[in-house]
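Source: prediction; values computed, not measured. Heads up: numbering here begins at 1 and tracks the sequence.
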Amino acid sequence: MALRIMVIGAYGNFGSIISDHLSRMPGVEMVITGRDAQKLQARLAVLNAQAPSPARSWCGDAMAAGFAEALQDLGIDWVIHTGGPFQGQPYSVAEACIGAGVNYCDLADCRAFVNGIARLDERARQAGVAILSGCSSVPSLSSAIIDEHRAGFARIDRIAHGISSSAKMPGLSTVEGVLAYAGRPIRQLSNGRIHEVTGWQDLSLRTMPHLGTRLLANVDVPDMDIFAQRYGAHTLSFKAGLGLKLGGVANALLAQMVKIGLVRDTLPWARRLHRWGTWFERFGDGMSAMYVDVQGVDHQARPLTLTAQLTARNDKGPEIPSCAAVALAAKVASGYRPAPGARPCVGEITVAEYLAAIDEPDNVQLAVDFSHAVV
């Protein structure tokens, strides 16, 4: 029997990528949804022109009352929620899925949203469904990379990781989400103690293979809570940046204006920066990457460092956050059943499953290096 998956926000940036992949996946029937009937029908037409089996659509608000009944009427097995920004968003969609007995994952990378999903754990267990939040670059892929090489460490002390995107602008909702904490305090961990840094500040340069030197700044992610418990690391940090250094400087200036009180609402600025960013896309190199640096000791008590970098060429960067959900869907369609409960989406897919879902071996490649020298 085919797995029936609903993609919420299927005509958005990440939703389009996910629905494209699912439309070609054996054993999957797809229902796409959104609130804009015209965009929804245009997206459906594109999918049905390329898909071996026709997709269906449902036009409506997934966060409104009655969504659980719609899920039951449509016979949905899984929901993939791409409708960000998730900052400040309620758990209405996940709660509707629990009520309808439907499994759920989302692409949230908002720390509070992803780690707060555990409040639904008991209800999800009773309903026998999996509610997985953060099925994206962080924390799904970042943890999968560390998990794959964790056995080489007797102890993990420090994890520093981050993302440098290409100059190609993501969807507006993504920009609104990542700028929501510009100038706001972010809790990180240093030598076992919580300390605060400022969002989109502390600019630093990192030399990244194939990308040259990229400008990075503090960004808040769910990993800051998850990695302390999952790996026992006592120092954790995460940074992100844009393909063009000018964008990083613009974000840092916005963060400073928020910090000193000149800007209170970042949403209008997010729209401006998104619009300006599209003007400069043509100056980018199409390269993006995620890096993960892990320091600890090996089983002979020698210092050990892992450096991993997943590089995407030709503006394939958006495939990386999108395809965790695709990899999970493929695994479920093949018979995998995640344990019931509500939790961050870590430990559900491997790096190999992730890369197979992206299926761009010439454009998306992972390099891993171990060293006994401390970096």
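- One finds no salt bridge joining Arg56 and Glu29 here, because no Lys/Arg side-chain nitrogen approaches an Asp/Glu carboxylate oxygen to under 4.0 Å.
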Trace of the salt bridge (Lys or Arg N to Asp or Glu O under 4.0 Å) decision for Glu196 with Arg187: CA-CA 5 Å; Glu196 290 186 347; Arg187 289 177 293 106; over 6 Å; no
Arg230/Asp147 under salt bridge (Lys or Arg N to Asp or Glu O under 4.0 Å): CA gap, chis, key distance, verdict: CA-CA 10 Å; Arg230 188 173 181 85; Asp147 287 347; 2.8 Å; yes
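- Listed for the Thr278 side chain is a donor-acceptor partner under 3.5 Å among the backbone atoms of Arg275.
- In this structure, Trp276 and Trp269 have perpendicular ring planes: the angle between them is above 60°, well past the 30° mark.
- The closest donor-acceptor contact from the side chain of Lys239 to the backbone of Asp202 lies under 3.5 Å.
- Here the closest heavy-atom approach between residue Leu107 and residue Ala325 is recorded as CD1-CB, 4.2 Å.
- Counting heavy atoms from C-beta on, the side chains of Leu366 and Val368 come closer than 4.5 Å.
- The NZ atom of Lys316 lies 10.0 Å from the SG atom of Cys323; values are rounded to the nearest 0.5 Å.
- Side-chain contact between Arg111 and Val221: absent, with no pair of heavy atoms (C-beta onward) separated by less than 4.5 Å.
- Counting heavy atoms from C-beta on, the side chains of Ile146 and Tyr231 come closer than 4.5 Å.
- The one candidate from Gln309, Arg206, Arg158 that meets the side-chain hydrogen bond (donor to acceptor under 3.5 Å, both in side chains) condition with Asp293 is Arg206.
- Under the 3.5 Å distance criterion, the side-chain polar atoms of Thr235 are matched with a main-chain donor or acceptor of Asn191.
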Residue pair Asn251, Leu273: steps toward the side-chain contact (heavy atoms from CB on, under 4.5 Å) verdict: CA-CA 8 Å; Asn251 289 349; Leu273 290 173; 3.6 Å; yes
Verdict with reasoning, Asp77 to Arg4, per salt bridge (Lys or Arg N to Asp or Glu O under 4.0 Å): CA-CA 5 Å; Asp77 300 304; Arg4 186 167 293 179; 6.0 Å; no
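- Applying the 6.0 Å contact sphere to CZ of Arg35 captures no more than 12 heavy atoms from other residues, nucleotides or ligands.
- Shown here for Ile131 and Val102, the closest heavy-atom pair between the two residues is CD1-O, 4.2 Å.
- Using a cut-off of 4.0 Å between Lys/Arg side-chain N and Asp/Glu carboxylate O, Arg155 and Asp157 are scored as salt-bridged.
- Taking Lys331 as the reference, Glu353 meet the salt bridge (charged side-chain N to carboxylate O under 4.0 Å, His left out) condition, with sequence neighbours excluded.
- Looking only at side-chain heavy atoms (C-beta outward), Leu132 and Arg343 come within less than 4.5 Å of each other.
- When side chains are defined from C-beta on, His195 counts as touching Ser190, because their heavy atoms get closer than 4.5 Å.
- The number of heavy-atom neighbours closer than 6.0 Å to CZ of Arg302, taken from other residues, nucleotides and ligands shown, is above 12.
- For the atom pair CG (Asp225) and CG (Asp220), the distance works out to 8.0 Å, reported to the nearest 0.5 Å.
- Using modelled atom types, no side-chain atom of Lys259 and backbone atom of Ala182 make a donor-acceptor pair closer than 3.5 Å.
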Working for side-chain contact (heavy atoms from CB on, under 4.5 Å), residues Val297 and Phe153: CA-CA 6 Å; Val297 297; Phe153 290 88; over 6 Å; no
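- Here Ser237 contributes atom OG and Ile159 contributes atom CD1; the two are 9.5 Å apart, rounded to the nearest 0.5 Å.
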CA sep, side-chain torsions, deciding dist, call: Gln87, Tyr181, side-chain hydrogen bond (donor to acceptor under 3.5 Å, both in side chains): CA-CA 9 Å; Gln87 283 78 2; Tyr181 37 77; 5.0 Å; no
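- Between the side chain of Thr33 and the main chain of Trp58, a donor-acceptor pair closer than 3.5 Å is present.
- Centroid-to-centroid, the aromatic rings of Phe227 and His161 come within less than 6.0 Å.
- Annotation: side chain of Val219 is not in contact with side chain of Val178 (no heavy-atom distance under 4.5 Å).
- Partner of His81 under the ring pair (Phe, Tyr, Trp, His ring centres under 6.0 Å) criterion, chosen from Phe67, Phe86, Phe14: Phe86.
- In this structure a side-chain-to-backbone donor-acceptor pair under 3.5 Å is missing from Tyr104 to Ala342.
- At distances below 3.5 Å, at least one donor-acceptor pair connects side-chain atoms of Thr82 with backbone N or O atoms of Gly9.
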Candidate pair Ser140 and Val346, rule side-chain contact (heavy atoms from CB on, under 4.5 Å), full reasoning: CA-CA 5 Å; Ser140 290; Val346 296; 5.7 Å; no
Chi angles and distances behind the side-chain hydrogen bond (donor to acceptor under 3.5 Å, both in side chains) call for Ser133, Asp106: CA-CA 5 Å; Ser133 188; Asp106 61 51; 3.0 Å; yes
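- In terms of modelled atom types and a separation under 3.5 Å, the side chain of Ser142 and the main chain of Val138 share no donor-acceptor contact.
- Shown here are the salt bridge (charged side-chain N to carboxylate O under 4.0 Å, His left out) partners of Arg272, two or more places apart in sequence or in another chain: there are none.
- Separation of atoms CG (Leu254) and CH2 (Trp200) is listed at 10.5 Å; rounding is to 0.5 Å.
- The side-chain heavy atoms of Pro344 and Asn115, taken from C-beta on, include a pair separated by under 4.5 Å.
- If you take CD1 on Ile76 and CG on Leu3, they are separated by 9.5 Å, rounding to the nearest 0.5 Å.
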CA sep, side-chain torsions, deciding dist, call: Arg43, Asp20, salt bridge (Lys or Arg N to Asp or Glu O under 4.0 Å): CA-CA 10 Å; Arg43 184 69 190 139; Asp20 276 338; 2.7 Å; yes
Pair Glu319-His21, side-chain hydrogen bond (donor to acceptor under 3.5 Å, both in side chains): steps then yes or no: CA-CA 10 Å; Glu319 296 278 339; His21 281 280; 2.8 Å; yes
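- No side-chain donor from either of Ser136 and Asp109 sits under 3.5 Å from a side-chain acceptor of the other.
- Rounding to the nearest 0.5 Å places NZ of Lys168 at 12.0 Å from CG of Asn314.
- Judged by distance alone, the side chain of Asp298 and the main-chain N or O of Ala301 form a donor-acceptor pair under 3.5 Å.
- Using a 4.5 Å heavy-atom threshold, the side chains of Asn103 and Pro338 count as separate.
- Other residues, nucleotides and ligands contribute over 12 non-hydrogen atoms within 6.0 Å of the CD atom of Gln50.
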Verdict with reasoning, Arg313 to Val364, per side-chain contact (heavy atoms from CB on, under 4.5 Å): CA-CA 6 Å; Arg313 298 173 172 83; Val364 181; over 6 Å; no
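- The hydrophobic cluster containing Val46, built from Ile/Leu/Val/Met/Phe/Trp/Tyr side-chain heavy atoms closer than 4.5 Å, comprises no other residue.
- Between the side chain of Arg123 and the backbone N or O of Leu120 there is no donor-acceptor pair closer than 3.5 Å.
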